[in-house]
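We count residues from 1, following the sequence as given.
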Amino acid sequence: MKDIVFASDLDNTLLYSRSHKREGDICVEHIEGRAHGFMTPLAVERLREVSQKVRLIPVTTRSVEQYRRIEWPEGTAPEYAVTTNGAVLLHGGEVDAAWREAHDALIAPAREEIARCHALYLGDPAFIRCRIVDDAYLFVYCADGVDARTMAAECQAQTSLRVEPSGRKIYFFPQRLTKGAALRELRRRFSPRKVYAAGDTAIDAPLLAAADRAFAAKTLAMEDAAHIRRHEGCGVFAEWLLGEILQELD
């Protein structure tokens, strides 16, 4: 059933940071030698089973470098992954040149504005970090006491880029660089008969909207649709959504 694609967000969808770690969770990422990313044993077991039945393609805002940090448990490593909010397709861990060339052309009209915003916010005390990610979008991380949603609204009034807050992070994307657009390109490339998707933030909403069946975290604020199932329970989101996919595949 590799003619079915499962396009999934990663952080807080399939894996979690150490702040959410529970006893027995499996470390799948290290940063400077410290355990950082985790998955639950049941999520790993279910992901391994899902990966045997469908083509898993992570679709993430992570940079290429950040994605490559992930230490996929045996039997779960995807052949393909979309990083940088759609700007890069990795195949076997290497950048797909044709995809990158096409998306460079898409991003090019926004590069001057990305550079302007970078210069504007670099050194701003409201932000701890400010960097351009894979030459595709701008990322800032808010300082303590700064409300990211309020700050994002203020930034949006000053730029033609699409400004999206997520926790303490704020992303400045070219208008056409969305996870939904990435999924439409994946459809053209792989011609799947069905696409599953999963995500937990507003950045994932276009991805979920473009799928045939989608699974949304209960905290995700987006319009409900017939093809979207929302996690309403108190259990682990990853365990639930992978279980739902397996039930549908049986």
Side-chain angles (χ1 to χ4, degrees), residues 6-52 56-78 81-85 90 93 127-129 131 133 139-149 164-171 179 196-205 207-208 214-221 229-246:
F6 173 34
S8 182
D9 174 55
L10 289 177
D11 295 283
N12 296 315
T13 298
L14 292 183
L15 56 93
Y16 307 89
S17 69
R18 62 176 176 266
S19 62
H20 298 286
K21 178 185 179 295
R22 305 182 309 178
E23 185 69 28
D25 283 353
I26 298 168
C27 181
V28 297
E29 181 181 13
H30 290 82
I31 297 179
E32 297 179 347
R34 296 180 60 195
H36 180 76
F38 297 86
M39 296 179 68
T40 70
L42 181 56
V44 170
E45 178 185 330
R46 288 178 174 175
L47 183 62
R48 185 176 292 119
E49 189 173 351
V50 167
S51 297
Q52 292 171 352
L56 168 64
I57 305 180
V59 182
T60 177
T61 58
R62 282 182 175 228
S63 68
V64 172
E65 179 183 1
Q66 290 169 333
Y67 176 79
R68 286 173 173 160
R69 289 198 307 244
I70 299 173
E71 305 155 16
W72 292 95
E74 183 179 356
T76 67
V82 175
T83 73
T84 325
N85 212 56
L90 298 177
F127 306 123
I128 296 173
R129 294 192 290 275
R131 67 175 183 269
V133 178
F139 163 88
V140 300
Y141 192 89
C142 293
D144 291 343
V146 175
D147 184 85
R149 291 192 173 277
E164 299 203 36
S166 179
R168 292 176 64 179
K169 305 171 186 176
I170 303 177
Y171 299 88
K179 291 188 177 185
Y196 290 102
D200 71 299
T201 72
I203 296 172
D204 301 316
L207 176 71
L208 305 190
F215 302 93
K218 57 187 173 185
T219 55
L220 174 53
R229 292 203 60 192
R230 192 176 292 274
H231 182 218
E232 300 291 354
C234 59
V236 176
F237 180 41
E239 295 177 351
W240 171 79
L241 73 90
L242 292 167
E244 291 294 308
I245 292 174
L246 288 171

With side chain to side chain contact (heavy atoms under 4.5 Å, CB included) as the test, would you mind laying out the steps for Met39 and Asp25 before giving the verdict? CA-CA 6 Å; Met39 296 179 68; Asp25 283 353; over 6 Å; no
Set out, in order, the CA-CA distance, both residues' side-chain angles and the distance that settles side chain to side chain contact (heavy atoms under 4.5 Å, CB included) for Val50 and Phe6, then state yes or no. CA-CA 9 Å; Val50 167; Phe6 173 34; 4.1 Å; yes
Check step by step if side chain to side chain contact (heavy atoms under 4.5 Å, CB included) holds for His20 and Phe38. CA-CA 8 Å; His20 298 286; Phe38 297 86; over 6 Å; no
Go through the steps for Asp9 and Leu14 under the test side chain to side chain contact (heavy atoms under 4.5 Å, CB included), then give the verdict. CA-CA 7 Å; Asp9 174 55; Leu14 292 183; over 6 Å; no
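A heavy-atom distance below 4.5 Å is not found between the side chains of Ser17 and Asp11. By the 4.5 Å heavy-atom criterion applied to side chains, Leu241 and Tyr196 are not counted as neighbours. Using a 4.5 Å cut-off on side-chain heavy atoms (C-beta onward), Val236 and Arg22 make contact. Between Val140 and Arg129 there is no side-chain heavy-atom pair separated by less than 4.5 Å. Taking 4.5 Å as the limit, some side-chain heavy atom of Pro73 sits within range of a side-chain heavy atom of Val28. Within the 4.5 Å cutoff, no side-chain heavy atoms of His231 are placed close to those of Asp200. Considering only heavy atoms from C-beta on, Glu71 comes within 4.5 Å of His30 through its side chain. Between Cys142 and Ile170 the shortest side-chain heavy-atom distance falls below 4.5 Å.
Checking side-chain atoms of Arg168 against main-chain N and O of Asp147 turns up no donor-acceptor pair under 3.5 Å. For Arg46 (side chain) and Glu239 (main-chain N/O), a donor-acceptor pair under 3.5 Å exists by modelled atom type. For Thr40 (side chain) and Ala43 (main-chain N/O), a donor-acceptor pair under 3.5 Å exists by modelled atom type.
Minimum interatomic distance between Leu56 and Leu47 (heavy atoms only, all atoms of both residues): CD2-CD1, 3.8 Å. When all heavy atoms of Ser63 and Val133 are compared, the closest pair comes out as CB-CG1, 3.7 Å. Smallest separation of non-hydrogen atoms from Leu10 and Pro58: CD2-CB, 3.8 Å. Heavy atoms only, all atoms of each residue included: Leu220 and Ala202 are closest at CD1-N, 3.3 Å. Nearest heavy-atom pair across Leu207 and Ala7 is CD2-O, 3.8 Å. Here the closest heavy-atom approach between residue Ala148 and residue Lys169 is recorded as CB-O, 4.5 Å.
Between Glu29 and Arg69 there is a salt bridge, since at least one side-chain N of the basic residue sits less than 4.0 Å from a carboxylate O of the acidic one.
Within 6.0 Å of the CZ atom in Arg68, the count of heavy atoms belonging to other residues, nucleotides or ligands exceeds 12. Enclosure of atom NZ in Lys21 by more than 12 non-hydrogen atoms of other residues, nucleotides or ligands within 6.0 angstrom is indicated.
Both tests do not hold together for Arg62 against Tyr67: distance to the six-membered ring centre under 6.0 Å, angle to the ring axis within 45°.
For the residue pair Asn85/Thr61, the side-chain donor-acceptor check at 3.5 Å is not satisfied.
Rounded to the nearest 0.5 Å, atoms CH2 (Trp240) and CZ (Phe215) are 6.0 Å apart. With rounding to the nearest 0.5 angstrom, the SG atom of Cys27 is 10.0 Å from the CG atom of Leu15. Taken to the nearest 0.5 Å, the CZ atom of Phe237 stands 9.5 Å off from the CZ atom of Arg230. To the nearest 0.5 angstrom, Thr76 atom OG1 is 10.5 Å from Gln52 atom CD. With rounding to the nearest 0.5 Å, the separation of OG1 in Thr84 from CD in Gln66 is 8.5 Å.
Taking the six-membered ring for Trp and the full ring otherwise, Phe139 and Tyr171 have centroids separated by under 6.0 Å.
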